[in-house]
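Contents: one structure, followed by commentary.
One-based numbering, in listed order, for ligands and for the atoms of each.
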Amino acid sequence: MPPRRIIIDTDPGQDDAVAILLALASPEEIEVLGIVAVAGNVPLPLTARNARVVCELAGRPEVPVFAGCDRPLAQPLVTAEHVHGKTGLDGADLPEPHMPLQARHGVDFIIGTLRAEPSGTVSLCCLGPLTDIATAFTRAPDIVPRVQEIVLMGGAYFEVGNITPAAEFNIYVDPEAADIVFRSGVPLTVVPLDLTHRALTSAARVQAFRDLGTPVGRAVAGWTDFFERFDREKYGSQGAPLHDPCAIARLIAPGLFSGRFVNVVIETRGDYTRGMTVADWWRVSGRAPNATFLRELDAEGFFALLTERIGRL
Ligand code: RIB
Ligand code: CA
(Lines give C-alpha, C1' and ligand atoms only; values in the text may rest on other atoms or scores of the structure.)
(Ligands and ions follow the chains in the order given, each with its own letter.)
Protein backbone atom coordinates (compact mmCIF):
# COMPACT_ATOMS: atom_id res chain seq x y z
CA MET A 1 0.00 0.00 0.00
CA PRO A 2 1.62 3.30 -1.00
CA PRO A 3 1.80 5.99 1.69
CA ARG A 4 -1.00 8.54 1.99
CA ARG A 5 0.23 11.83 0.51
CA ILE A 6 -0.88 14.68 2.73
CA ILE A 7 -0.64 18.38 3.43
CA ILE A 8 -0.83 19.16 7.15
CA ASP A 9 -2.59 22.43 8.04
CA THR A 10 -1.82 23.21 11.64
CA ASP A 11 -1.64 25.74 14.52
CA PRO A 12 1.12 24.32 16.78
CA GLY A 13 0.22 23.94 19.80
CA GLN A 14 1.74 21.07 21.73
CA ASP A 15 -0.75 18.50 20.42
CA ASP A 16 -0.20 19.67 16.85
CA ALA A 17 3.53 19.22 17.45
CA VAL A 18 3.07 15.61 18.56
CA ALA A 19 0.84 15.02 15.53
CA ILE A 20 3.50 16.37 13.16
CA LEU A 21 6.14 14.16 14.82
CA LEU A 22 3.87 11.12 14.43
CA ALA A 23 3.41 11.87 10.73
CA LEU A 24 7.13 12.40 10.12
CA ALA A 25 7.95 9.19 12.01
CA SER A 26 5.64 7.14 9.75
CA PRO A 27 7.04 7.32 6.18
CA GLU A 28 5.61 3.89 5.29
CA GLU A 29 2.10 5.20 5.80
CA ILE A 30 2.39 8.96 5.31
CA GLU A 31 4.24 11.21 2.87
CA VAL A 32 4.12 14.81 4.13
CA LEU A 33 4.14 17.03 1.03
CA GLY A 34 4.22 20.18 3.10
CA ILE A 35 3.05 21.85 6.31
CA VAL A 36 0.94 25.02 6.32
CA ALA A 37 0.76 27.01 9.54
CA VAL A 38 -2.49 28.82 10.30
CA ALA A 39 -3.40 31.29 13.06
CA GLY A 40 -5.16 29.52 15.91
CA ASN A 41 -3.73 28.44 19.24
CA VAL A 42 -1.28 31.33 18.94
CA PRO A 43 -0.83 34.00 16.24
CA LEU A 44 0.57 33.04 12.81
CA PRO A 45 4.17 34.19 13.35
CA LEU A 46 4.36 31.73 16.25
CA THR A 47 2.58 28.83 14.55
CA ALA A 48 4.87 29.28 11.53
CA ARG A 49 7.90 29.27 13.87
CA ASN A 50 6.64 26.32 15.90
CA ALA A 51 6.01 24.14 12.86
CA ARG A 52 9.66 24.59 11.88
CA VAL A 53 10.86 23.94 15.44
CA VAL A 54 9.06 20.59 15.29
CA CYS A 55 10.44 19.67 11.85
CA GLU A 56 13.98 20.36 13.05
CA LEU A 57 13.38 18.40 16.27
CA ALA A 58 12.34 15.48 14.03
CA GLY A 59 15.53 15.92 11.96
CA ARG A 60 13.47 16.86 8.91
CA PRO A 61 14.47 20.44 7.99
CA GLU A 62 13.75 19.67 4.32
CA VAL A 63 9.99 19.53 4.87
CA PRO A 64 8.58 22.73 3.32
CA VAL A 65 6.75 24.89 5.87
CA PHE A 66 4.47 27.70 4.69
CA ALA A 67 2.56 30.46 6.45
CA GLY A 68 -1.17 30.44 5.70
CA CYS A 69 -3.87 32.83 6.88
CA ASP A 70 -3.30 35.09 9.87
CA ARG A 71 -6.94 35.62 10.80
CA PRO A 72 -10.37 34.01 10.38
CA LEU A 73 -12.64 34.85 7.46
CA ALA A 74 -15.18 36.96 9.29
CA GLN A 75 -14.22 37.64 12.90
CA PRO A 76 -11.18 38.63 14.96
CA LEU A 77 -8.72 35.86 15.86
CA VAL A 78 -9.32 34.03 19.15
CA THR A 79 -6.19 32.34 20.50
CA ALA A 80 -5.58 29.82 23.30
CA GLU A 81 -2.46 30.85 25.19
CA HIS A 82 -4.34 29.87 28.35
CA VAL A 83 -4.00 26.27 27.15
CA HIS A 84 -0.76 26.25 25.18
CA GLY A 85 1.26 28.96 26.90
CA LYS A 86 2.67 32.17 25.42
CA THR A 87 4.82 30.46 22.77
CA GLY A 88 2.31 27.76 21.91
CA LEU A 89 4.97 25.14 22.66
CA ASP A 90 5.52 25.76 26.36
CA GLY A 91 6.76 22.71 28.25
CA ALA A 92 9.90 22.05 26.23
CA ASP A 93 12.82 24.41 25.71
CA LEU A 94 13.84 24.11 22.05
CA PRO A 95 16.12 26.27 19.87
CA GLU A 96 14.91 28.80 17.32
CA PRO A 97 14.55 27.15 13.90
CA HIS A 98 17.20 27.58 11.20
CA MET A 99 15.16 26.15 8.34
CA PRO A 100 13.50 28.85 6.24
CA LEU A 101 9.81 29.60 6.05
CA GLN A 102 8.75 29.18 2.42
CA ALA A 103 8.11 32.52 0.66
CA ARG A 104 4.98 31.16 -1.06
CA HIS A 105 1.69 31.69 0.78
CA GLY A 106 0.35 28.46 2.26
CA VAL A 107 -2.98 28.80 0.47
CA ASP A 108 -1.15 29.06 -2.86
CA PHE A 109 0.81 25.91 -1.94
CA ILE A 110 -2.43 24.03 -1.23
CA ILE A 111 -3.97 25.19 -4.53
CA GLY A 112 -0.80 24.54 -6.54
CA THR A 113 -0.23 21.08 -5.10
CA LEU A 114 -3.81 19.94 -5.67
CA ARG A 115 -3.68 21.21 -9.27
CA ALA A 116 -0.26 19.65 -9.98
CA GLU A 117 -0.76 16.22 -8.41
CA PRO A 118 -3.07 13.59 -9.96
CA SER A 119 -6.66 14.13 -8.85
CA GLY A 120 -7.63 12.11 -5.79
CA THR A 121 -4.08 11.46 -4.61
CA VAL A 122 -3.60 14.23 -2.01
CA SER A 123 -5.39 14.47 1.35
CA LEU A 124 -5.60 17.44 3.72
CA CYS A 125 -5.03 16.79 7.40
CA CYS A 126 -6.37 19.79 9.31
CA LEU A 127 -5.34 20.29 12.92
CA GLY A 128 -6.41 23.90 13.46
CA PRO A 129 -9.03 26.40 12.29
CA LEU A 130 -10.11 25.75 8.68
CA THR A 131 -9.34 29.22 7.35
CA ASP A 132 -6.65 28.12 4.87
CA ILE A 133 -8.77 25.33 3.40
CA ALA A 134 -11.86 27.50 3.01
CA THR A 135 -9.78 30.27 1.42
CA ALA A 136 -8.23 27.80 -1.04
CA PHE A 137 -11.65 26.32 -1.95
CA THR A 138 -13.14 29.80 -2.47
CA ARG A 139 -10.21 31.07 -4.52
CA ALA A 140 -9.87 27.88 -6.61
CA PRO A 141 -13.11 25.86 -6.71
CA ASP A 142 -11.53 23.55 -9.30
CA ILE A 143 -9.39 21.93 -6.59
CA VAL A 144 -12.35 20.76 -4.47
CA PRO A 145 -13.09 17.55 -6.44
CA ARG A 146 -9.35 16.82 -6.60
CA VAL A 147 -9.02 16.36 -2.82
CA GLN A 148 -8.79 12.67 -1.85
CA GLU A 149 -10.05 13.24 1.73
CA ILE A 150 -10.04 15.79 4.52
CA VAL A 151 -9.25 14.38 7.96
CA LEU A 152 -9.80 17.10 10.50
CA MET A 153 -9.51 17.38 14.25
CA GLY A 154 -12.44 19.54 15.24
CA GLY A 155 -15.97 19.71 16.49
CA ALA A 156 -17.85 18.00 19.25
CA TYR A 157 -21.35 16.71 19.80
CA PHE A 158 -22.00 14.47 22.81
CA GLU A 159 -18.86 15.88 24.46
CA VAL A 160 -20.03 19.50 23.89
CA GLY A 161 -17.58 22.38 23.60
CA ASN A 162 -14.21 23.23 25.08
CA ILE A 163 -13.99 26.94 24.24
CA THR A 164 -17.72 27.68 24.70
CA PRO A 165 -20.42 25.41 26.14
CA ALA A 166 -21.35 24.49 22.54
CA ALA A 167 -18.24 24.80 20.38
CA GLU A 168 -14.83 23.17 19.98
CA PHE A 169 -11.90 25.55 19.48
CA ASN A 170 -10.87 24.83 15.85
CA ILE A 171 -14.43 25.29 14.59
CA TYR A 172 -15.21 28.19 16.93
CA VAL A 173 -12.25 30.25 15.73
CA ASP A 174 -13.58 30.26 12.16
CA PRO A 175 -17.15 28.96 11.81
CA GLU A 176 -17.56 30.47 8.30
CA ALA A 177 -14.50 28.54 7.12
CA ALA A 178 -15.78 25.33 8.70
CA ASP A 179 -19.17 25.86 7.03
CA ILE A 180 -17.48 26.12 3.61
CA VAL A 181 -15.47 22.94 4.22
CA PHE A 182 -18.41 20.92 5.58
CA ARG A 183 -20.58 21.97 2.60
CA SER A 184 -17.82 21.32 0.03
CA GLY A 185 -18.68 17.69 -0.74
CA VAL A 186 -15.09 16.59 -0.12
CA PRO A 187 -14.91 13.16 1.64
CA LEU A 188 -14.69 14.27 5.27
CA THR A 189 -13.52 12.42 8.37
CA VAL A 190 -14.12 14.33 11.59
CA VAL A 191 -12.06 13.62 14.71
CA PRO A 192 -14.09 15.44 17.39
CA LEU A 193 -13.66 15.92 21.13
CA ASP A 194 -16.04 12.95 21.49
CA LEU A 195 -13.11 10.83 20.35
CA THR A 196 -10.06 12.81 21.45
CA HIS A 197 -11.24 12.95 25.05
CA ARG A 198 -10.64 9.20 25.09
CA ALA A 199 -6.98 9.78 24.12
CA LEU A 200 -5.95 10.94 27.60
CA THR A 201 -2.34 10.93 28.70
CA SER A 202 -1.50 9.54 32.12
CA ALA A 203 1.57 9.61 34.32
CA ALA A 204 2.56 6.19 32.95
CA ARG A 205 1.98 7.22 29.34
CA VAL A 206 4.00 10.43 29.76
CA GLN A 207 6.75 8.46 31.51
CA ALA A 208 6.85 6.08 28.53
CA PHE A 209 7.69 9.07 26.32
CA ARG A 210 10.36 10.19 28.79
CA ASP A 211 11.75 6.65 29.05
CA LEU A 212 12.52 6.75 25.32
CA GLY A 213 15.58 8.69 26.47
CA THR A 214 15.67 10.85 23.35
CA PRO A 215 15.35 14.62 22.83
CA VAL A 216 12.06 13.96 21.00
CA GLY A 217 10.74 11.75 23.82
CA ARG A 218 11.68 14.36 26.41
CA ALA A 219 10.01 17.15 24.39
CA VAL A 220 6.81 15.16 23.98
CA ALA A 221 6.77 14.38 27.72
CA GLY A 222 7.32 18.05 28.55
CA TRP A 223 4.60 19.22 26.17
CA THR A 224 2.03 16.74 27.39
CA ASP A 225 2.82 17.55 31.01
CA PHE A 226 2.29 21.25 30.30
CA PHE A 227 -0.79 20.70 28.15
CA GLU A 228 -2.42 18.49 30.79
CA ARG A 229 -2.87 21.17 33.43
CA PHE A 230 -5.65 22.94 31.48
CA ASP A 231 -7.78 19.83 31.15
CA ARG A 232 -7.09 18.72 34.71
CA GLU A 233 -8.35 22.10 36.03
CA LYS A 234 -11.30 22.20 33.61
CA TYR A 235 -12.49 18.61 33.55
CA GLY A 236 -10.87 17.27 36.67
CA SER A 237 -9.48 14.66 34.33
CA GLN A 238 -6.16 13.06 34.96
CA GLY A 239 -4.43 13.49 31.64
CA ALA A 240 -4.33 15.69 28.57
CA PRO A 241 -6.42 14.71 25.54
CA LEU A 242 -3.99 14.32 22.64
CA HIS A 243 -6.40 15.80 20.11
CA ASP A 244 -4.37 16.31 16.93
CA PRO A 245 -2.28 13.10 16.95
CA CYS A 246 -5.60 11.21 16.68
CA ALA A 247 -6.13 12.72 13.21
CA ILE A 248 -2.73 11.50 12.03
CA ALA A 249 -3.17 8.11 13.70
CA ARG A 250 -6.43 7.73 11.76
CA LEU A 251 -4.36 7.77 8.56
CA ILE A 252 -1.85 5.25 9.92
CA ALA A 253 -4.12 2.79 11.77
CA PRO A 254 -7.77 3.37 10.88
CA GLY A 255 -8.74 0.19 12.74
CA LEU A 256 -8.17 2.02 16.05
CA PHE A 257 -11.19 4.21 15.30
CA SER A 258 -14.89 3.85 14.66
CA GLY A 259 -17.74 6.22 14.01
CA ARG A 260 -20.76 6.84 11.85
CA PHE A 261 -21.40 8.43 8.44
CA VAL A 262 -23.87 11.20 9.31
CA ASN A 263 -24.83 14.75 8.47
CA VAL A 264 -22.80 17.42 10.24
CA VAL A 265 -23.57 21.10 9.83
CA ILE A 266 -21.94 24.15 11.36
CA GLU A 267 -23.94 26.66 13.37
CA THR A 268 -22.79 30.10 12.24
CA ARG A 269 -25.60 32.26 13.70
CA GLY A 270 -26.56 31.08 17.20
CA ASP A 271 -26.01 33.63 19.94
CA TYR A 272 -24.91 30.85 22.27
CA THR A 273 -24.11 28.07 19.81
CA ARG A 274 -21.99 29.75 17.12
CA GLY A 275 -19.29 27.29 16.02
CA MET A 276 -21.21 24.21 17.14
CA THR A 277 -20.95 21.07 14.98
CA VAL A 278 -24.49 19.77 14.81
CA ALA A 279 -23.99 16.04 14.20
CA ASP A 280 -27.18 14.21 13.22
CA TRP A 281 -26.01 11.03 15.00
CA TRP A 282 -29.55 9.54 15.13
CA ARG A 283 -30.27 10.53 11.51
CA VAL A 284 -33.45 12.46 12.30
CA SER A 285 -32.87 15.59 10.21
CA GLY A 286 -33.33 14.14 6.77
CA ARG A 287 -30.16 15.96 5.74
CA ALA A 288 -27.75 13.92 3.59
CA PRO A 289 -24.74 12.47 5.42
CA ASN A 290 -21.52 14.35 4.63
CA ALA A 291 -18.98 13.21 7.21
CA THR A 292 -17.60 10.19 9.01
CA PHE A 293 -17.96 11.38 12.61
CA LEU A 294 -15.58 9.35 14.78
CA ARG A 295 -16.49 8.52 18.35
CA GLU A 296 -14.71 5.33 19.53
CA LEU A 297 -10.96 4.89 20.04
CA ASP A 298 -8.74 1.99 21.09
CA ALA A 299 -6.76 4.23 23.46
CA GLU A 300 -4.24 1.57 24.46
CA GLY A 301 -3.54 0.82 20.82
CA PHE A 302 -3.27 4.54 20.03
CA PHE A 303 -0.68 5.20 22.74
CA ALA A 304 1.27 2.06 21.85
CA LEU A 305 1.47 3.26 18.23
CA LEU A 306 2.32 6.84 19.22
CA THR A 307 5.06 5.83 21.65
CA GLU A 308 6.62 3.35 19.21
CA ARG A 309 6.67 5.91 16.40
CA ILE A 310 7.98 8.76 18.55
CA GLY A 311 10.71 6.34 19.60
CA ARG A 312 11.84 6.11 15.97
CA LEU A 313 12.83 9.80 15.83
O1 RIB B 1 -9.96 21.82 20.53
C2 RIB B 1 -8.71 21.20 20.34
C3 RIB B 1 -8.04 21.73 19.11
O4 RIB B 1 -7.84 23.13 19.26
C5 RIB B 1 -6.65 21.14 18.88
O6 RIB B 1 -6.36 21.12 17.51
C7 RIB B 1 -5.75 22.10 19.59
O8 RIB B 1 -4.43 22.13 19.05
C9 RIB B 1 -6.45 23.41 19.27
O10 RIB B 1 -6.03 23.80 17.96
CA1 CA C 1 -4.37 22.26 16.69
Side-chain angles (χ1 to χ4, degrees), residues 6-23 35-44 46-51 53-54 65 68-72 77-91 106 124-133 150-175 177-178 181 189-201 220 223-224 226-231 234-235 237 239-250 266 275-277 294 297:
I6 71 170
I7 294 171
I8 298 175
D9 194 89
T10 178
D11 62 336
Q14 291 89 348
D15 60 321
D16 302 70
V18 179
I20 293 167
L21 291 172
L22 176 58
I35 296 175
V36 180
V38 66
N41 285 318
V42 288
L44 182 62
L46 277 174
T47 58
R49 168 204 177 267
N50 294 345
V53 166
V54 177
V65 175
C69 298
D70 64 358
R71 75 199 64 188
L77 177 64
V78 171
T79 52
E81 287 88 347
H82 62 292
V83 178
H84 299 274
K86 201 167 171 339
T87 70
L89 286 186
D90 288 27
L124 306 175
C125 191
C126 307
L127 310 178
L130 293 165
T131 314
D132 292 336
I133 312 307
I150 290 176
V151 181
L152 69 89
M153 191 279 136
Y157 187 61
F158 298 96
E159 196 67 11
V160 296
N162 61 358
I163 187 76
T164 74
E168 177 278 329
F169 180 80
N170 287 340
I171 307 299
Y172 179 73
V173 168
D174 199 339
V181 170
T189 298
V190 179
V191 184
L193 297 181
D194 305 75
L195 182 125
T196 66
H197 280 186
R198 301 168 195 266
L200 292 179
T201 59
V220 170
W223 285 332
T224 46
F226 180 88
F227 188 62
E228 174 186 47
R229 84 210 187 293
F230 169 76
D231 286 81
K234 181 183 176 103
Y235 296 104
S237 62
L242 282 189
H243 306 290
D244 294 334
C246 290
I248 297 292
R250 166 66 180 189
I266 308 297
M276 181 177 180
T277 47
L294 298 178
L297 171 70

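P241 and T196 make their closest contact through CB-O, 3.4 Å (heavy atoms, listed as atom of the first residue, atom of the second, distance). Taking each heavy atom of C69 and T131 in turn, the nearest pair found is CB-CG2, 3.6 Å. Shown here for A247 and C125, the closest heavy-atom pair between the two residues is CB-SG, 4.1 Å. Pairing each heavy atom of G85 with each of F226, the nearest pair is N-CE2, 3.6 Å. Closest of all the heavy-atom pairs between L89 and W223 is O-NE1, 3.1 Å.
Looking at residues two or more places apart in sequence or on another chain, you find a salt bridge (Lys or Arg N to Asp or Glu O under 4.0 Å) between R198 and E296.
For the Ca ion (ligand 2), the set of protein N/O/S atoms nearer than 3.0 Å consists of D11 OD1, D16 OD1, D16 OD2, L127 O, D244 OD2, ordered by chain and number.
Within the 4.5 Å cutoff, side-chain heavy atoms of L124 are placed close to those of I133.
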Contacts table for ligand 1: protein N or O within a distance under 3.5 Å of ligand N or O, distances only.
from     : atom 1 : to   : atom 2 : distance (Å)
ligand 1 : 1 (O)  : N162 : ND2    : 2.8
ligand 1 : 1 (O)  : E168 : OE2    : 2.6
ligand 1 : 4 (O)  : N170 : OD1    : 3.2
ligand 1 : 6 (O)  : L127 : O      : 2.9
ligand 1 : 6 (O)  : N170 : ND2    : 3.0
ligand 1 : 6 (O)  : D244 : OD1    : 2.6
ligand 1 : 6 (O)  : D244 : OD2    : 3.0
ligand 1 : 8 (O)  : D15  : OD1    : 2.7
ligand 1 : 8 (O)  : D15  : OD2    : 3.1
ligand 1 : 8 (O)  : D16  : OD1    : 2.9
ligand 1 : 8 (O)  : N41  : ND2    : 3.0
ligand 1 : 8 (O)  : D244 : OD2    : 3.1
ligand 1 : 10 (O) : D11  : OD1    : 3.3
ligand 1 : 10 (O) : D11  : OD2    : 3.0
ligand 1 : 10 (O) : N41  : OD1    : 3.2
ligand 1 : 10 (O) : N41  : ND2    : 3.2
ligand 1 : 10 (O) : N170 : OD1    : 2.8

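Using modelled atom types and a 3.5 Å distance limit, the side chains of N50 and T47 yield no donor-acceptor pair.
Within the structure, every pair that satisfies the side chain to side chain donor-acceptor pair (under 3.5 Å) test and touches residues 11-21, not counting sequence neighbours, is listed here: T10-D16, D11-N41, Q14-H84, D16-N41.
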